[in-house]
Amino acid sequence: MDILAELNPAQREAVEAINGPVLILAGPGSGKTRVIAHRVAYLVKVCDVSPRRIMAVTFTNKAAREMEERLHRLVSGSVRDLTLGTFHAICARILRREGKAIGIDPKFVIYDEEDQISLLKRSIQGVGLDPKQYAPRAIASAITAAKSRMLAPQDYLERSHSYFEEVVGRVYERYQQLLTDSSALDFDDLLMKVVQLFRNCPEILSRYQTRYLHLLVDEFQDTNLVQYELIKQLGGRYRNICVVGDPDQSIYSWRFADLRNILSFEKDYPEAKLVLLEQNYRSTKRILETASCVISANQQRKPKELWTNNELGELTTVVETYTEQEEAQFVVHEVECLTAQGETKLGDCAVMYRTNAQSRALEEAFVRYGIPYKLVAGTRFYERREVKDIIAYLRLTQNPYDSISLLRIINVPQRGIGQRSLSELSSWAKSKGVPEYRALQLIIEQKGNEPLFSSRITKVLAGFLSLTEEFIARSWELNLVELLDLVIERTSYKEYILGQPDGEERWENILELRTVAQQYRDLKPREGLAAFLEGVTLVSDVDGLDESVDAVTLITLHQAKGLEFPIVFIVGMEEGVLPHFKSFDDPEQMEEERRLCYVGITRAKQRVYLIRAFRRSLMGSSTASCPSRFLSDIPPRLISGAGLWQGEGNQIARAIYSWNKASAPSVTTPELKVGDHVHHPQFGNGVVVSCQPVTDDKEVVVAFSGLGVKKLLLSFARLEKVE
DNA sequence: CGAAAGGCTCTTTTT
DNA sequence: GAGCCTTTCG
């Protein structure tokens, strides 16, 4: 097969430019993944480069997996030796091998965000402050920022200019110490420590530089400074660095991704070849134009000329509903209509939203109307309590100094060790300068002077310790599944969880985890354990998305990056949701919100629906909202909607969703006045408190007995007058 | 010690 | 509306 044959001239240029640095700026749907895959294939098949001398970095594991499949088809031969994965996964692998050189225990565990927050709480307390006064999340973000700039605690403290920064610096210092004590790394450490390793150990760097003749980085617009530095180090010898990105799709600045990396690249590699991919193969002309209208309003951007040979396509449908429930109903209804004609499958449809919380109303509607859907993440599987408990046992087996895991499960299932005994244990460990696990050993060996705990507690602790020791001992001979079963059996975890609320469901989750573990059962005992723990920590939510299942996809706009669907619904097109209210006072963040909207629209191949709800419950209470400013950037000629609504000079299409009315028992809305008694199918009986005309309708306030006062829109509410 | 209940805050997006 | 923390009681 000719690798270049299926490429357009620009793509071909990007593939063939194998000597020296290349910067590919690629619009949505311009085939950048394809270019990366073909470039690797070209290197291997045409240029005879050994796959083990190529590193390709993707944004998610899913993208890596797809790349691998693609390559399999292109290069049929072995691409096993290729280094392919996310920055985090690749760095974890490097540190596992080489970390010793900078004092990293090869058995290190990786702390996810939840672990990080609880360790931070301990750190804040550790420096004598109150975690309630200094939000751990805010400090976490500051520390991530510091690590993204490769600042060690001391560097950070030297540069601190405010009281808050000083606090962060001190907490950071303590936090880092606790991580080291636990033989643990957080996500940011994975990257930062590798850069550090390469800086401190030139001979190791040189080995890696020599190995990697070619580097490829996808989604370059969402890399941060550490990642940039890492690539710079690795590519230092051959400078064959190929980066692909699109500034208009940069949506991770809150994770300290830095668009300036693109500028730095041009500066650090002045000889870099620039390739623009501007032909879109994904979307219709109208979708592309709609997206361009939205993104063009950004000030901080270079204009781009995207074009497509695809057909003109449909207008974008803009719809307004009354509540988020009706918004969800509209989506369900529309999906039903589309799929009823047979041309569209459920799997062709995706519903995208700004915040995870928005998925609930959607899910409820999909469940109620019996439409299959796949929710990307939800309450993320690996963050569930029961799953994390079991993982904590396994982590402790790999690395007993992991104090976060130890403290998590020392009393789960309950063993009668309370908060008091725990803090006693922790402070004793601290006074001896040893990790909790070592402290346990010392206490049991009675090497502490006088007994610290009552004989009952000492006995329980001894039991826990020998349990852990048993797991550790057996972990050298059992495969992962056997080890997991042993943990469940010896802790009586099944009995414990079945006795909890939602026990059945939680037990199912454990079985699901066991299924994941099966994939590692053939590895050598300890290797399987390490690989599994790394895998479950570094998964991203989209990784679990299964294209072969025919169901509607429910997904955040962030997760949707890199994906495509024939039909795209974007819900919550409201001021405060998209754009999110947190971005109101910062123009740069506002531009990112716009890019997020752009990413959403450009996922679509055939049709786009932009939907907003007039009222939405946010943080418990229901609030009214204005249409998203992004809607007014789309000219009316690109929009369709049943019934146009003229407002404030903008033409916003407004489709009054008639389904409810059609299926309501009373087709005609009753004439109501204050004091009338009414019946609502859901809320029961009530009395009209007020009745005010709004556009095309009436807003009725009804006091329902037992439920309180509700605001309803007359045409939707299915109210019946009771005489 | 632990279960249950009440009260508080805060919510964006994620490797 | 949820999750976390504290309080209270057995």
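Owing to the predicted nature of the structure, the values given are computational and were not obtained by experimental measurement. Each chain gets a letter, A, B and so on, in the order its sequence line appears, and its residues count up from 1.
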N or O in side chain of A:T556 less than 4.0 angstrom from B:dT14 OP1/OP2:
yes
Tell me: CZ of A:R137 to C1' of B:dT9, nearest whole Å?
13 Å
Looking at A:R137, I'd like to know if its CZ atom is crowded, meaning that more than 12 non-hydrogen atoms belonging to other residues, nucleotides or ligands lie closer than 6.0 Å.
no
At under 4.0 Å between heavy atoms, what does A:K121 touch on the DNA or RNA strands: base, sugar-phosphate, or nothing?
sugar-phosphate
Could you tell me whether A:R629 and A:E593 have a side-chain N and a carboxylate O separated by less than 4.0 Å?
no
Touch check for A:R595, heavy atoms < 4.0 angstrom, all strands: base, sugar-phosphate only, or nothing?
nothing
Rounded to the nearest 0.5 Å, what separation is found between the OG1 atom of A:T355 and the NE2 atom of A:H580?
6.0 Å
Heavy atoms under 4.0 Å, any strand shown: does A:S421 hit a base, just sugar-phosphate, or nothing?
sugar-phosphate
Regarding A:F581, tell me which of base, sugar-phosphate or nothing describes its non-hydrogen contacts under 4.0 Å with the strands shown.
nothing
CD of A:E592 versus P of B:dT14: gap in Å, rounded?
13 Å
Counting heavy atoms not belonging to A:E588, are there more than 12 under 6.0 Å from its CD?
no
Intra- and interstrand pairs of DNA chain B - dot-bracket, Watson-Crick/G-U under 3.5 Å, | marks other strand
||||||||||.....
Would you say the base of B:dT13 stacks on A:W254 (centre-to-centre below 5.5 Å, plane angle below 30°)?
yes
Which nucleotide sits closest to the side chain of A:I457: B:dT15, B:dC1, B:dT13?
B:dC1
Just to confirm, is there a sub-4.0 Å distance from OP1 or OP2 of C:dA2 to any side-chain nitrogen or oxygen of A:R360?
yes
So, is A:Q589 near the phosphate of B:dT13, with a side-chain N or O under 4.0 Å from OP1 or OP2?
no
Rounded to whole angstrom units, what separation is found between the CZ atom of A:F256 and the C1' atom of B:dT15?
14 Å
Pick base, sugar-phosphate or nothing for A:I417, based on heavy-atom distances below 4.0 Å to the nucleic acid.
sugar-phosphate
side-chain N/O A:N411 vs B:dG2 OP1/OP2, d < 4.0 Å
yes
Quick one: sort the A:F198 and A:Y208 rings into parallel, tilted or perpendicular, breaks at 30° and 60°.
tilted
When we call it a touch if two heavy atoms are under 4.0 Å apart, what does A:R385 touch: a base, just sugar-phosphate, or nothing?
nothing
Less than 4.0 angstrom between a side-chain N/O of A:N356 and OP1 or OP2 of B:dT14, yes or no?
yes
Inspect the surroundings of CZ in A:R385 and state if more than 12 heavy atoms from other residues, nucleotides or ligands are less than 6.0 Å away.
yes
A:Q559 side chain near B:dT14 phosphate (N/O to OP1/OP2, under 4.0 Å)
yes
Once salt bridge (charged side-chain N to carboxylate O under 4.0 Å, His left out) is applied, what residue pairs with a partner in residues 122-135 of chain A remain, sequence neighbours excluded?
A:R122-A:E436
Both A:E593 and A:G416 contact DNA chain B. Which one's nearest nucleotide lies toward the 5' end?
A:G416
DNA chain B: A:T537 or A:L422, which has the more 5' nearest nucleotide?
A:L422
